[in-house]
Amino acid sequence: MIVVEDSPVSVKYLKDIVNDFCQISKLSENFGGPHPLTAEQAAFIENWEVENYRKKVSLGGKNLGRLENKIVIVTGAAQGFGAGIADLLHAEGANIIVADLNEVKGMEFAHYLNSIKSKNKAYFISVNVAESASVKELVDKTVLQFGGLDVMISNAGILRAGSLDEMDQPTFELMTRINYTGYFLCAKYAQPVMKMQNKFKPGYFSDIIQINSKSGLKGSNKNFAYAGGKFGGIGLTQSFALELIPFNIKVNSICPGNFFDGPLWSDPENGLFVQYLNAGKVPGAKTISDVKAFYEAQVPAGRGCTAEDVAKAIFYVIDQQYETGQAVPVTGGQNMLR
Ligand SMILES: NC(=O)c1ccc[n+]([C@@H]2O[C@H](COP(=O)([O-])OP(=O)(O)OC[C@H]3O[C@@H](n4cnc5c(N)ncnc54)[C@H](O)[C@@H]3O)[C@@H](O)[C@H]2O)c1
């Protein structure tokens, strides 16, 4: 049996209805076969106020989220920015694929999203964004699970800082494969699905979004492997955007400032605050709070970036139909475009 509808929620309803029809037609054999409604009876039900109300409620009623029924992959969604973004998009009605290398944390997080009472669902898929076959499988499994793909968010990324004297080639190449090649692979395998959706529904728009960084807009001292990959990501975004706009696929990068409350900075064992405190990088700093205050003071807005700040930029690029190929800064005023 193949059922076709325009959202995962409606597909589930349609599947139930078709199954019920099959049962009715089989069981009613015992009573002389099915007796369908007459055309007038069917029209009465269709136009009945109660039925119209039921339909509205079953599709989410008045409280439709901004991403109702969208199918969204977030790579690196097991923790940090990715998990925060996935949570906020889920709260706006999106079905979420939590895609991550970390199976334990990823599954736990998808489980948490599914524990929230809502019609949209989350599903974990294990992926290594640096491997072509793995990213292809991620997109294939997403389509099998939810029936399509509306938004690909390439968020998985790593940071290993180091000067020219310290950085070795394997570390440089590992960072490039995850931060730069990983984005190429996400775009490569997402776009055929999006093109096909656009072919059958010409007014339909979809999005490829890269979570870049303020280090993709401005060089970063002793952190060139990261900044270089992120600068490159903006070149990919501009070029993909030109190639894909004929298919209404928008491609944009979001460039957040430092997420001080996330694990990268605040992890009590390996976070950058502990590392910088131990390395004496901040003159006069005696505690983690001193190091944090030093970095916060460098942001005109006086605080670090949050997943909510990033999600607002994501909602903007998804909502917009007349913008593509952009690098949207979300830095509390730390980076200003020329
Ligand atoms: N934390 C910040 O201050 C900050 C600032 C600006 C931009 N960013 C960007 O935001 C994104 C997320 O950063 P974060 O700080 O939340 O990181 P994080 O380290 O907290 O989380 C990254 C996630 O990506 C996953 N991951 C790593 N390698 C992977 C791979 N090869 N395949 C699949 N998943 C993989 C990890 O398991 C982890 O769950 C990155 O692209 C980063 O460059 C972070």
Side-chain angles (χ1 to χ4, degrees), residues 73-88 97-110 124-135 137-138 152-161 171 173-186 189 209-218 220 223 225-234 236-237 253-267 269-273 275-276 292 295-296 298-299 303-311 313-314 327-332 334-335:
I73 294 178
V74 185
T75 69
Q79 65 168 40
F81 265 150
I85 292 166
D87 201 0
L88 290 157
I97 295 289
V98 175
D100 207 289
L101 203 54
N102 187 331
E103 300 201 2
V104 175
K105 272 198 168 173
M107 272 187 195
E108 236 174 58
F109 181 63
F124 171 76
I125 298 177
S126 171
V127 71
N128 180 354
V129 296
E131 298 289 341
S132 187
S134 179
V135 181
E137 193 179 277
L138 164 67
M152 166 62 95
I153 301 185
S154 170
N155 164 79
I158 59 166
L159 190 154
R160 308 268 193 280
T171 310
E173 283 177 356
L174 174 72
M175 289 181 65
T176 308
R177 273 169 59 95
I178 296 175
N179 296 349
Y180 181 68
T181 311
Y183 173 35
F184 151 63
L185 294 174
C186 286
Y189 292 111
I209 299 171
Q210 183 213 19
I211 303 304
N212 197 287
S213 168
K214 70 178 171 53
S215 304
L217 300 170
K218 195 173 169 203
S220 183
N223 193 20
Y226 183 73
K230 293 295 188 182
F231 266 69
I234 290 177
L236 295 183
T237 290
S253 292
I254 313 283
C255 302
N258 294 325
F259 179 24
F260 294 139
D261 294 331
L264 179 76
W265 286 85
S266 285
D267 185 281
E269 276 159 32
N270 302 315
L272 293 175
F273 288 138
Q275 288 184 41
Y276 292 169
K292 192 175 180 196
Y295 281 94
E296 279 173 347
Q298 296 178 15
V299 185
R303 65 167 176 86
C305 186
T306 65
E308 202 176 344
D309 298 320
V310 178
I314 292 176
V328 183
V330 185
T331 66
Q334 218 175 349
N335 282 62

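Every number for a ligand or one of its atoms is a count from 1 in the order of the listing.
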Quiz item: To the nearest 0.5 Å, what is the distance between CD1 (I209) and CD1 (I314)?
Solution: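 Rounded to the nearest 0.5 Å, the CD1-CD1 separation comes out at 5.5 Å.
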
Quiz item: How many angstroms lie between atom CG of N155 and atom CG of N212, to the nearest 0.5 angstrom?
Solution: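 Nearest 0.5 Å value for the CG-CG distance: 11.0 Å.
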
Quiz item: Parallel, tilted or perpendicular: which fits the ring planes of W265 and Y276, with parallel below 30° and perpendicular above 60°?
Solution: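 Perpendicular, since the angle between the ring planes exceeds 60°.
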
Quiz item: With respect to atom 37 (O) of ligand 1, which of D100, L264, V98 exhibits the smallest heavy-atom separation?
Solution: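 Nearest option to atom 37 (O) of ligand 1, by heavy atoms: D100.
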
Over all atoms of both residues, closest heavy-atom pair of [X] and [Y]:
| X | Y | answer |
| --- | --- | --- |
| G216 | I234 | O-CD1, 3.3 Å |
| V328 | A313 | CG1-CB, 4.3 Å |
| F259 | C305 | CD1-O, 3.1 Å |

What is the nearest protein non-hydrogen atom to [atom], stated with its residue, atom name and distance?
| atom | value |
| --- | --- |
| atom 6 (C) of ligand 1 | P256 O, 3.3 Å |
| atom 35 (C) of ligand 1 | A156 CB, 3.7 Å |
| atom 27 (C) of ligand 1 | I158 CG2, 4.0 Å |
| atom 9 (C) of ligand 1 | N212 O, 3.7 Å |
| atom 5 (C) of ligand 1 | G257 O, 3.2 Å |
| atom 34 (N) of ligand 1 | L101 N, 3.3 Å |

Give the atoms of ligand 1, by number and element, whose distance to some non-hydrogen atom of [X] is under 4.0 Å.
| X | result |
| --- | --- |
| N155 | 10 (O), 11 (C), 12 (C), 40 (C), 41 (O) |
| G80 | 16 (O), 20 (O) |
| V127 | 32 (N), 33 (C) |
| Q79 | 18 (P), 19 (O), 20 (O), 21 (O), 38 (C), 39 (O) |
| F81 | 4 (C), 5 (C), 8 (N), 10 (O), 16 (O), 44 (C) |
| N258 | 3 (O) |
| F259 | 1 (N), 2 (C), 3 (O) |
| N128 | 30 (C), 31 (N), 32 (N) |

Quiz item: Is S213 close to Y226 at the side-chain level, that is, under 4.5 Å between some pair of heavy atoms?
Solution: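 In contact.
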
Quiz item: For Q298, does the CD atom have more than 12 heavy-atom neighbours from other residues, nucleotides or ligands under 6.0 Å away?
Solution: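 Enclosed.
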
Quiz item: Using heavy atoms and a threshold below 4.0 Å, how should the contact between Y226 and ligand 1 be classified: side chain, backbone, both, or neither?
Solution: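 Contact part for Y226 vs ligand 1: side chain (C-beta onward).
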
Quiz item: Between K214 and ligand 1, which residue portion shows a heavy-atom distance shorter than 4.0 Å: side chain, backbone, both, or neither?
Solution: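 Under 4.0 Å from ligand 1, K214 contributes no heavy atoms.
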
Quiz item: Got a donor-acceptor contact below 3.5 angstrom from the T75 side chain to the A156 backbone?
Solution: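 Yes; judged by distance alone, with no hydrogens or angles, the pair exists.
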
